[in-house]
> 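So that we are looking at the same thing, I have put the structure below in structure tokens.
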Amino acid sequence: MLKVTDIALGYVKQNQFNTILEKVSFEVAQGELTCLLGSSGVGKSSLLRVLAGLDKAKQGSITLFDQQIEQPNAEIGFVFQSPSLLPWLNVKQNVAFGLDFACREKLSKGEIQQRVEQAIEEVGLKEASNAMPHELSGGMAQRVNLARAIARKPKLILLDEPFSALDPVIREQMQQMLHEIVRHHNTTAVMITHDIDEALIVADNILLLGKNNQQPAHIIGRWQIVSEFPRDNLLLLNDIRLDILQTLQASQQQHKQHNSLEYLI
């Protein structure tokens, strides 16, 4: 599992460290997907980069199956908001990119080919294996992005708003596909989203990041979603949606009141 303990992070401005997130702790079990919700600028993407080992936290620890994560790790796959496909490589070559890097386990050409073909078939792009990026729709390009991650057979998949630019129909298809991939590979996954309904559709657990008064952002709400998949009728989860909205609105109101008070002082 993924275990995050007392993470704090921030940035240096005018020789002073400004904390944006603190006391962030949570666990994600193998085969489960946790969604991170929160308003823009609260630190969701910064936290995801720390989970990936791309950035370092001010304090705290992150372990993946008891292995400390402090730098980029071959066991972690990252799906960005933009597919970022290499335009001179076709679909198969983009999915295979990085599988033969020295930092990874040594794979034969046959093993790489098998992984690539399985990943492409899993995201439904078998007929487009030889297509170039400019020939793909936005949804197809994001499927390649997802296939590139799962071809590595990661223990952890991190997703930074991967479906936000897609139209509603394609987005719904990708949400269902992501759920099936997490279950099929029994992997651990953490996904950032601004969309509460999307979190309700795909997540096993939801974490809400926000601020209270003068404190840096932290986890202000946690919800476990026990409804079976597929979750076609979100009205059954309306109580959780309302609770999330009310928690977020209360946090934002407290933050505004504190800022107004500081201005008056």
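All values below come from the heavy atoms of this structure, side chains included, with hydrogens, waters and symmetry mates left out. When a residue number appears, it is its place in the shown sequence, counting from 1.
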> Could you point out which residue of L200, L33, T34 forms a side-chain contact (heavy atoms from CB on, under 4.5 Å) with I206?
L200
> Let's go through L21 and I7 carefully: what are the C-alpha distance in whole Å and the side-chain angles of both, what is the deciding distance for side-chain contact (heavy atoms from CB on, under 4.5 Å) to 0.1 Å, and is it a yes or a no?
CA-CA 7 Å; L21 274 177; I7 287 295; 5.8 Å; no
> Under the side-chain contact (heavy atoms from CB on, under 4.5 Å) criterion, do V95 and F97 qualify, and how do the steps go?
CA-CA 6 Å; V95 174; F97 186 77; over 6 Å; no
> When you measure from the side chain of T188 to the backbone N and O of I157, does any donor-acceptor pair fall under 3.5 Å?
no
> Measuring from atom CD of Q93 to atom CG of N130, what distance do you get when rounded to the nearest 0.5 angstrom?
8.5 Å
> Identify whether L37 and I219 are in the same connected component of the hydrophobic contact network (ILVMFWY, side-chain heavy atoms under 4.5 Å).
no
> Please report the shortest heavy-atom distance between P230 and Q176, naming the atom on each side.
CB-OE1, 3.8 Å
> Can you check whether G77's main-chain N or O pairs, donor with acceptor, with R152's side chain at less than 3.5 Å?
no
> Tell me, do H218 and L209 make a side-chain contact under 4.5 Å, heavy atoms counted?
no
> Tell me whether E172 contacts the main-chain N or O of V169 through its side chain, where contact means a donor paired with an acceptor under 3.5 Å.
no
> Evaluate R171 against D197 for salt bridge (charged side-chain N to carboxylate O under 4.0 Å, His left out), listing each step before the verdict.
CA-CA 12 Å; R171 186 171 188 169; D197 283 352; over 6 Å; no
> What closest approach, in Å, do R183 and D204 show between heavy atoms, and which atom pair accounts for it?
NH2-OD1, 2.6 Å
> State the CD-CD1 distance between Q142 and I170, to the nearest 0.5 angstrom.
12.0 Å
> Side chains of V28 and L156, heavy atoms from C-beta outward: is any pair under 4.5 Å?
no
> Can you confirm whether V190 sits close enough to L36 that some side-chain heavy atom of one is under 4.5 Å from a side-chain heavy atom of the other?
yes
> Specify the closest pair of heavy atoms between A96 and V116, including all atoms of both residues, with the distance to one decimal.
CB-CG2, 3.5 Å
> Establish whether V202 and I240 are linked, either directly or via other cluster members, by ILVMFWY side-chain heavy-atom contacts under 4.5 Å.
yes
> Can you tell me how far the OG atom of S108 sits from the CD atom of Q114, to the nearest 0.5 Å?
8.5 Å
> Start with the C-alpha distance between R222 and F26, add both sets of side-chain angles, then the distance that settles side-chain contact (heavy atoms from CB on, under 4.5 Å), and finish with yes or no.
CA-CA 10 Å; R222 302 171 188 258; F26 62 92; 3.7 Å; yes
> Give me the atom names and distance for the closest heavy-atom approach of P133 to L89.
CD-O, 3.0 Å
> So, E22 side chain and A217 main chain: donor-acceptor pair closer than 3.5 Å or not?
no
> For D66, does the CG atom have more than 12 heavy-atom neighbours from other residues, nucleotides or ligands under 6.0 Å away?
no
> Establish whether L207 and L2 are linked, either directly or via other cluster members, by ILVMFWY side-chain heavy-atom contacts under 4.5 Å.
yes
> Could you give the distance from CD (Q59) to CG (L9), rounded to the nearest 0.5 Å?
10.0 Å
> Can you confirm whether N90 sits close enough to N94 that some side-chain heavy atom of one is under 4.5 Å from a side-chain heavy atom of the other?
no
> If you compare all heavy atoms of S251 against all heavy atoms of I220, which two are closest, and at what distance to 0.1 Å?
CB-CD1, 3.5 Å
> When you measure from the side chain of Q30 to the backbone of N186, do you find a donor-acceptor pair of N or O atoms at a distance under 3.5 Å?
yes
> Kindly indicate, with the supporting measurements, whether the criterion side-chain contact (heavy atoms from CB on, under 4.5 Å) is fulfilled by I62 and L51.
CA-CA 7 Å; I62 300 165; L51 298 183; 3.7 Å; yes
> Between CD of Q81 and OG of S164, what distance do you get to the nearest 0.5 Å?
3.5 Å
> Contact between I76 and L158 at the side-chain level, heavy atoms closer than 4.5 Å - yes or no?
yes
> Given side chains that start at C-beta, do those of M174 and P162 come closer than 4.5 Å, heavy atoms only?
no
> Answer whether the closest heavy-atom distance between the side chains of S45 and I192 falls below 4.5 Å.
yes
> If you look at every heavy atom in A189 and V182, which pair is closest and at what distance?
CB-CG2, 3.9 Å
> Heavy-atom distance under 4.5 Å between the side chains of N145 and S84, does that happen here?
no
> Check the surroundings of atom CD in Q173: do more than 12 heavy atoms from other residues, nucleotides or ligands lie under 6.0 Å from it?
yes
> Keeping S25 on the side-chain end and D6 on the backbone end, is there a donor-acceptor pair under 3.5 Å?
yes
> Please say yes or no: joined through hydrophobic side-chain contacts below 4.5 Å, possibly via intermediate residues, are V79 and L47 part of one cluster?
no
> Let's go through Q113 and E117 carefully: what are the C-alpha distance in whole Å and the side-chain angles of both, what is the deciding distance for side chain to side chain donor-acceptor pair (under 3.5 Å) to 0.1 Å, and is it a yes or a no?
CA-CA 6 Å; Q113 181 178 350; E117 290 177 351; 3.0 Å; yes
> Would I20 and L54 show up in the same hydrophobic cluster when neighbours are defined by side-chain heavy atoms closer than 4.5 Å?
yes
> Working note: E122 + Q118, criterion side chain to side chain donor-acceptor pair (under 3.5 Å); need CA distance, chi angles, decisive distance, verdict.
CA-CA 6 Å; E122 201 164 346; Q118 287 177 346; over 6 Å; no
> In plain terms, say whether D160 and R49 are close enough for a salt bridge, that is, a side-chain N and a carboxylate O under 4.0 Å apart.
no
> Could you grab the distance from atom NZ of K153 to atom CZ of R115, nearest 0.5 Å is fine?
5.5 Å
> Side chains of E32 and N205 only: does a donor on one sit below 3.5 Å from an acceptor on the other?
yes
> With respect to T193, which candidate in Q175, K44, E198 satisfies the side chain to side chain donor-acceptor pair (under 3.5 Å) definition?
E198
> Quick one: which of L208, I244, L234, L242 gives a side-chain contact (heavy atoms from CB on, under 4.5 Å) with I196?
I244
